[in-house]
Amino acid sequence: MLDIKLPGLDLKNPIMPASGCFGFGREYAELYDLSILGGIAIKSATIEPRFGNPTPRIAETPSGMLNAIGLQNPGVDKIIETELPFLKQYDTQILANVAGASEEDYIEVIKRLNDCPEVHAYELNISCPNVKHGGIGLGSDPILAANITRMAKAVATKPVWVKLSPNVTNIVEIAKAVEEAGADGLVLINTLLGMRLDLHSAKPIIANTTGGLSGPAIKPIAIRMVYQVYQAVDVPIIGVGGITCAEDVLEFLYAGASAVQVGMYNFVDPYICPKIIEQLPTVLKKYGCKSVKDAIGRSHV
Amino acid sequence: MIVSKDAVLGNVEIAKDTFEMILRPQHMPTILPGQFVNIKLDGFMLRRPISVSSVNHNCYKIIYKVVGDGTKALSKVKKGQILDVLEPLGTPFPIDDLDEVLIIGGGVGVPPLFEVAKQFRDKQTKVTVVLGFNDKESMFYEDDFAFLGCDVYVATMDGSYGTKGTVLDAIAEHNITIDTIYSCGPMRMLEALNQTYTKGYLSFEARMACGIGTCMGCVCKDSKDKQLYYRICKEGPVFPIGKVAFEC
């Protein structure tokens with residue numbers, strides 16, 4: 001009922017934690033068996049280790065939060081050496097998020113991960129608004145986005161998913177360009193660029209000045225973008241943005257997502273993914289869906 | 001760490017804008033001195049990380065200052081309400097075998113040090129306590145530390161009680177020479193202590209999203225190796241003095 005087969009990802013259910021909200025699973029593995037998850041989008045890998053941005057990196061907002069972590073990660077080699085062997089013990093699908101400051105960085109990370117059987121598919125992070133060079137440029141321009149997709153596809157031995165930025169005028173244009181360049185699937189959306197100011201100092205709360213907005217506040221935007229893109233492309237979509245319950249998952253499926261990622265709500269309720277997986281069959285049944293597949297794109301029928 | 005439904009047994013103002021709350025978990029976990037809990041509040045997205053001030057066999061206390069909307073909402077929580085809490089979190093203060101120890105607390109950094117003092121006194125360690133506050137109205141727990149058998153000194157910035165000035169002014173005035181410190185308080189105080197002392201532990205405060213080590217929101221750098229970082233919620237909030245860089 002919950003299973004869904006997607007490029008590179010043979011999911012037992014459509015629920016996976018989103019990249020950056022689950023690390024490499026270690027903290028959550030202390031709480032529950034990660035094998036119950038459909039998949040895990042692991043934290044962005046870059047070619048060099050990255051410390052990330054200065055602190056504060058976090059600010060609360062109405063129904064959400066801003067973050068400017070800055071792709072902190074130990075670097076792809078260390079991830080291959082210590083994190084992938086840890087994840088190997090779990091029966092779940094690994095979507096490796098790939099980031100970089102230049103196109104060459106992405107390609108190098110993919111080349112190194114190609115030989116890792118623990119990784120089932122790639123998720124190109126062309127949208128992270130936190131990195132001053134690279135990320136934002138690639139995701140906001142259809143030509144640059146298509147170009148990095150084509151380059152990734154040329155070297156990747158596993159399916160390539162492209163995670164799109166919502167900080168664009170026309171998401172459909174970018175989605176079509178990326179599809180045409182050979183993307184096996186699309187992940188949308190990443191965080192929205194936002195800002196908060198401290199009332200005492202009149203300065204930004206986040207040291208990086210701006211941050212990415214996530215949480216329930218962005219769910220209607222994510223739903224709208226999945227809905228629009230679903231009508232324009234043929235490749236499958238993984239929906240992300242503000243999911244807090246099984247009903248939210250159903251809404252994304254209706255809009256056209258084939259699977260979903262749960263992001264910041266893992267911070268609020270560390271058991272949210274297992275809870276959603278448990279509740280999803282009941283919610284599907286309640287609204288007359290025989291399966292996940294049966295619900296995908298229902299709003300377009 | 002567990003996700004618990006904690007019953008609020010009390011929530012009273014003990015000093016200016018400073019509240020003491022008593023919480024009783026369904027199943028009391030082992031909470032060590034310096035550890036914190038992460039509290040979910042209706043109407044707020046992120047949990048509020050607050051350090052535990054003392055532990056009993058079936059309940060624990062927290063002390064917090066109202067500084068924003070979240071802590072304001074926490075101050076309105078009534079006795080009998082149930083709160084969703086992640087507990088306990090973080091690396092505690094080790095209660096080492098020492099003949100004597102100096103505890104230095106600043107403002108709402110004072111609370112976690114109370115359980116530290118209690119456990120040292122249980123081991124017959126001689127405990128000297130120096131507490132710093134903005135003014136007399138903000139002061140709390142002087143008598144509680146004294147009741148444990150600690151020698152207690154107070155500094156207030158405006159001089160309305162005890163030594164006028166900082167905790168370091170009080171330490172100088174009373175000629176306190178104990179060299180092992182356990183401290184928690186504002187960054188500037190911790191930085192000054194980090195320059196003055198070489199033995200002991202400091203506990204840090206930070207903005208956190210998850211509180212369990214995943215989000216990388218609360219990281220700090222190692223004082224020597226700039227490639228090495230720590231998560232304040234996981235490897236901290238307690239660090240050996242000198243371990244953490246103050247610029248980030």
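Being a predicted model, the structure only gives us computed values, none of them experimental. Convention: sequence-line order gives letters A, B, ...; per-chain numbering from 1.
- Atom CG of B/D69 has 12 or fewer neighbouring heavy atoms from other residues, nucleotides or ligands inside a 6.0 Å radius.
- Put simply, the side chain of B/R207 never gets that close to the backbone of A/A59: no donor and acceptor are under 3.5 Å apart.
- For the pair B/K221 and A/F51, the cation sits on the ring face: its NZ or CZ lies under 6.0 Å from the ring centre, inside 45° of the axis.
- Shown here for A/M65 and B/A209, the closest heavy-atom pair between the two residues is CE-CB, 3.8 Å.
- The number of heavy atoms from other shown groups lying within 6.0 Å of CD (B/E205) does not exceed 12.
- No more than 12 heavy atoms of other residues, nucleotides or ligands lie within 6.0 Å of CG in B/D42, so this atom counts as exposed by the packing criterion.
- Taking the side chain as every heavy atom from C-beta outward, B/M216 and A/R57 approach each other to under 4.5 Å.
- Contact of B/L86 with chain A is made through the side chain alone, with heavy-atom distances under 4.5 Å.
- To the nearest 0.5 Å, atoms CD (B/Q227) and CD (A/E48) are separated by 9.5 Å.
- Between the OH atom of A/Y28 and the SG atom of B/C210 there is a distance of 5.5 Å, given to the nearest 0.5 Å.
- Top candidate by heavy-atom pairs under 4.5 Å with chain B, chosen from A/R26, A/E27, A/K43, is A/E27.
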Next on the checklist: Could you go through B/I212 and A/F267, starting from their C-alpha distance and side-chain angles, then the distance that decides it, and tell me whether this counts as side chain to side chain contact (heavy atoms under 4.5 Å, CB included)?
Outcome noted: CA-CA 8 Å; B/I212 64 170; A/F267 303 153; over 6 Å; no
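- Checked against side-chain hydrogen bond (donor to acceptor under 3.5 Å, both in side chains), A/Y90 has no partners two or more places apart in sequence or in another chain.
- Remark: B/K40 NZ is packed, more than 12 non-hydrogen atoms of other residues, nucleotides or ligands lying under 6.0 Å away.
- For A/Y265, the part lying under 4.5 angstrom from a heavy atom of chain B is the side chain only.
- A heavy-atom distance below 4.5 Å is not found between the side chains of B/M208 and A/I58.
- Counting non-hydrogen atoms of other residues, nucleotides and ligands closer than 6.0 Å to NZ of B/K226 gives a total above 12.
- At a 4.5 Å heavy-atom cutoff, the contact between A/P270 and chain B is made by side-chain atoms alone.
- Salt-bridge formation is not detected for the pair A/E60/B/R47: no Lys NZ or Arg NE/NH1/NH2 atom is positioned less than 4.0 Å from an Asp or Glu carboxylate oxygen.
- The shortest distance between side-chain heavy atoms of B/M45 and A/M264 falls below 4.5 Å.
- Annotation: B/M28, atom CE; neighbour count of heavy atoms from other residues, nucleotides and ligands within 6.0 Å is above 12.
- Heavy-atom neighbours of B/R24 CZ from other residues, nucleotides or ligands within 6.0 Å: at or below the threshold of 12.
- Residue contact with chain B, scored on non-hydrogen atoms closer than 4.5 Å, involves the side chain of A/L31 exclusively.
- For CD of A/E278, the number of neighbouring non-hydrogen atoms (other residues, nucleotides, ligands) closer than 6.0 Å is 12 at most.
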